[in-house]
Amino acid sequence: MNLHSHYRGRFAPSPTGPLHFGSLVAAVGSYLDARAQGGQWLVRIEDIDTPRVIPGAADDILRTLERLGMHWDGAVMLQSQRQEAYRAALEQLRHGDWLYPCACTRREIADSALHGVDGFVYPGRCREGLPDGRTPRATRVRVASTAIAFDDAIQGTISQNLAHDVGDFVVWRADGLFAYQLAVVVDDAAQGITDIVRGADLLDSTPRQIYLQQRLGLPTPRYAHLPVAVSARGEKLSKQTLARAIDTQHPAHEIIKALAFLGQTLPDGLASSTETSNASVEEAWRWAHTHWDRSRIPRRRTIQAIDETTLR
Ligand code: GLU
């Protein structure tokens, strides 16, 4: 009998380059957490930030997941095809009088604002109306000066005061694109996601997302934020830090490294698997599906990526 068949998890990569170790950790964590609880695992391509999208990257990520034996449920959702849903959400917020147009440029904000948890705290200059002669650029949502708290399954209780830590934030960007914070909330609800397992680099975005869920009358999923792989210099592994693409010639080895990064205690046979004496993908998943232990995941926001030699 399956007690947790209502679990619906997801992996939501941005197609800004091939899958690398950092994004693989989020894929493996979300996948196993769903499968170990008999849940579904969906994939959504977050190609909303079109200037950052690399042609072919979405396909490349999907093919890599397949080669790693990570099979998703249902059709892949593409944010680039969801404009109508985002527009409707924006209308709903406008209707509730939560939105206002903002004329401020980045430079103007930088000149007058304090640093918050994620860039500058918007000082609210356009909150009561645009200054004379200014044209609107972006659309912001008004936030309240109350704490938004949630219990993260890995990182513990997180609390933020949006007014103090973030300020009124952008939901419709000056370049005419919907903001990630809005899209992710609309899409998680549309896909019926109950459990979000993703990197802790998004921990500080979660209160904004919960705030939007509340304004839009959408359910708040459970959250578990995984430690993020960083370089020796503390930078998140990304295309910019030249993180290398996942080696699809040795898929089991890549999975095993991600499992070790997530604190899972691998049996000797798997732990000693290397690129040359390779365990099979099936073997790795068979072990992981039954032994996945969320309580072993380090309760940290960042971890220096494991030197590959430690697994040889
Ligand atoms: N698209 C985001 C990323 O690749 C992840 C968003 C999410 O998981 O909510 O960093």
Side-chain angles (χ1 to χ4, degrees), residues 8-34 40-54 57-62 64-65 70 72 76-82 85-86 89 117-119 150 152-155 158 169 171 173 177-213 216 218-230 235-241 243 245-246 258 262 297 301-302:
R8 276 167 79 87
R10 49 63 153 189
F11 174 51
S14 304
T16 54
L19 202 66
H20 54 74
F21 186 71
S23 38
L24 177 68
V25 166
V28 166
S30 60
Y31 173 76
L32 275 178
D33 206 60
Q40 293 189 306
W41 185 66
L42 289 79
V43 171
R44 177 169 76 233
I45 297 292
E46 300 212 316
D47 54 356
I48 189 164
D49 192 355
T50 38
R52 291 181 59 228
V53 168
I54 302 286
D59 253 7
D60 190 57
I61 291 171
L62 295 174
T64 303
L65 291 176
M70 302 174 76
W72 54 89
V76 172
M77 179 180 268
L78 296 176
Q79 286 191 326
S80 52
Q81 296 176 3
R82 302 266 306 142
Y86 307 146
V117 292
D118 184 15
F150 68 100
D152 188 89
I154 298 165
Q155 309 289 339
I158 306 290
F169 57 95
V171 282
R173 297 173 13 172
L177 297 172
F178 293 100
Y180 156 72
Q181 306 292 357
L182 180 77
V184 76
V185 161
V186 171
D187 291 342
D188 282 331
Q191 293 190 296
I193 301 302
T194 60
D195 291 77
I196 294 182
V197 179
R198 62 184 177 188
D201 51 317
L202 292 162
L203 201 54
D204 289 330
S205 287
T206 306
R208 266 169 281 177
Q209 294 173 16
I210 294 175
Y211 183 76
L212 287 178
Q213 287 154 6
L216 291 165
L218 302 172
T220 291
R222 288 179 286 261
Y223 289 97
H225 284 87
L226 306 167
V228 168
V230 292
E235 296 163 321
K236 184 183 159 189
L237 298 189
S238 66
K239 199 163 43 74
Q240 288 73 24
T241 55
I246 290 302
L262 289 169
I297 300 171
R301 288 196 184 204
T302 59

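Side-chain atoms are counted along with the backbone in the values below, which use heavy atoms only and exclude waters and symmetry mates. These figures come from a predicted structure and were not determined experimentally. Counting starts at 1 for both ligands and their atoms, following the listed order.
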K.L.:
With the threshold set at 4.0 Å, does a side-chain nitrogen-carboxylate oxygen contact exist between R301 and D204?
P.N.:
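Looking at D204 together with R301, the answer is yes, because their closest N to O distance falls below 4.0 Å.
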
K.L.:
Under a plain distance cut-off of 3.5 Å, with no hydrogens placed, do Y223 and D195 share a side-chain donor-acceptor pair?
P.N.:
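Note: D195 and Y223 side chains miss the donor-acceptor criterion.
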
K.L.:
Side chain of Q213, backbone of L218: donor and acceptor closer than 3.5 Å?
P.N.:
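No, Q213 side chain to L218 backbone: no donor-acceptor pair under 3.5 Å.
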
K.L.:
Which of the listed options, S23, P13, S14, A183, holds the heavy atom that is closest to atom 10 (O) of ligand 1?
P.N.:
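Going through S23, P13, S14, A183 one by one, S14 has the nearest heavy atom to atom 10 (O) of ligand 1.
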
K.L.:
Side chain or backbone, does Y180 bring an N or O within less than 3.5 Å of an N or O on ligand 1?
P.N.:
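Y180 vs ligand 1: N/O contact under 3.5 Å present.
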
K.L.:
Looking only at distances, please establish whether an N/O atom of ligand 1 is found under 3.5 Å from an N/O atom of A12.
P.N.:
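N/O-N/O distance under 3.5 Å: yes.
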
K.L.:
If we ignore hydrogens and angles and just use 3.5 Å, is the side chain of S23 paired with the main-chain N or O of L19 as donor and acceptor?
P.N.:
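Looks like no, no N/O pair under 3.5 Å.
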
K.L.:
Is R208 salt-bridged to D118, cutoff N-O under 4.0 Å?
P.N.:
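Counted as a salt bridge, because a side-chain N and a carboxylate O are separated by less than 4.0 Å.
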
K.L.:
Between D47 and R52, does any side-chain N to carboxylate O distance fall below 4.0 Å?
P.N.:
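Salt bridge: no.
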
K.L.:
Just heavy atoms, cut-off under 4.0 Å: does L202 contact ligand 1 by side chain, backbone, both, or neither?
P.N.:
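It is the side chain that gets close, since no backbone atom is under 4.0 Å.
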
K.L.:
Looking only at protein heavy atoms, identify the closest one to atom 8 (O) of ligand 1 and say how far it is in Å.
P.N.:
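Here the closest protein heavy atom is R10 NH1, 2.6 Å.
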
K.L.:
Which atoms from ligand 1 have a heavy atom of V184 less than 4.0 Å away?
P.N.:
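Per the distance check, 9 (O).
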
K.L.:
For atom 6 (C) of ligand 1, which candidate among R198, K236, E46 provides the closest heavy atom?
P.N.:
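Answer by nearest heavy atom: E46.
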
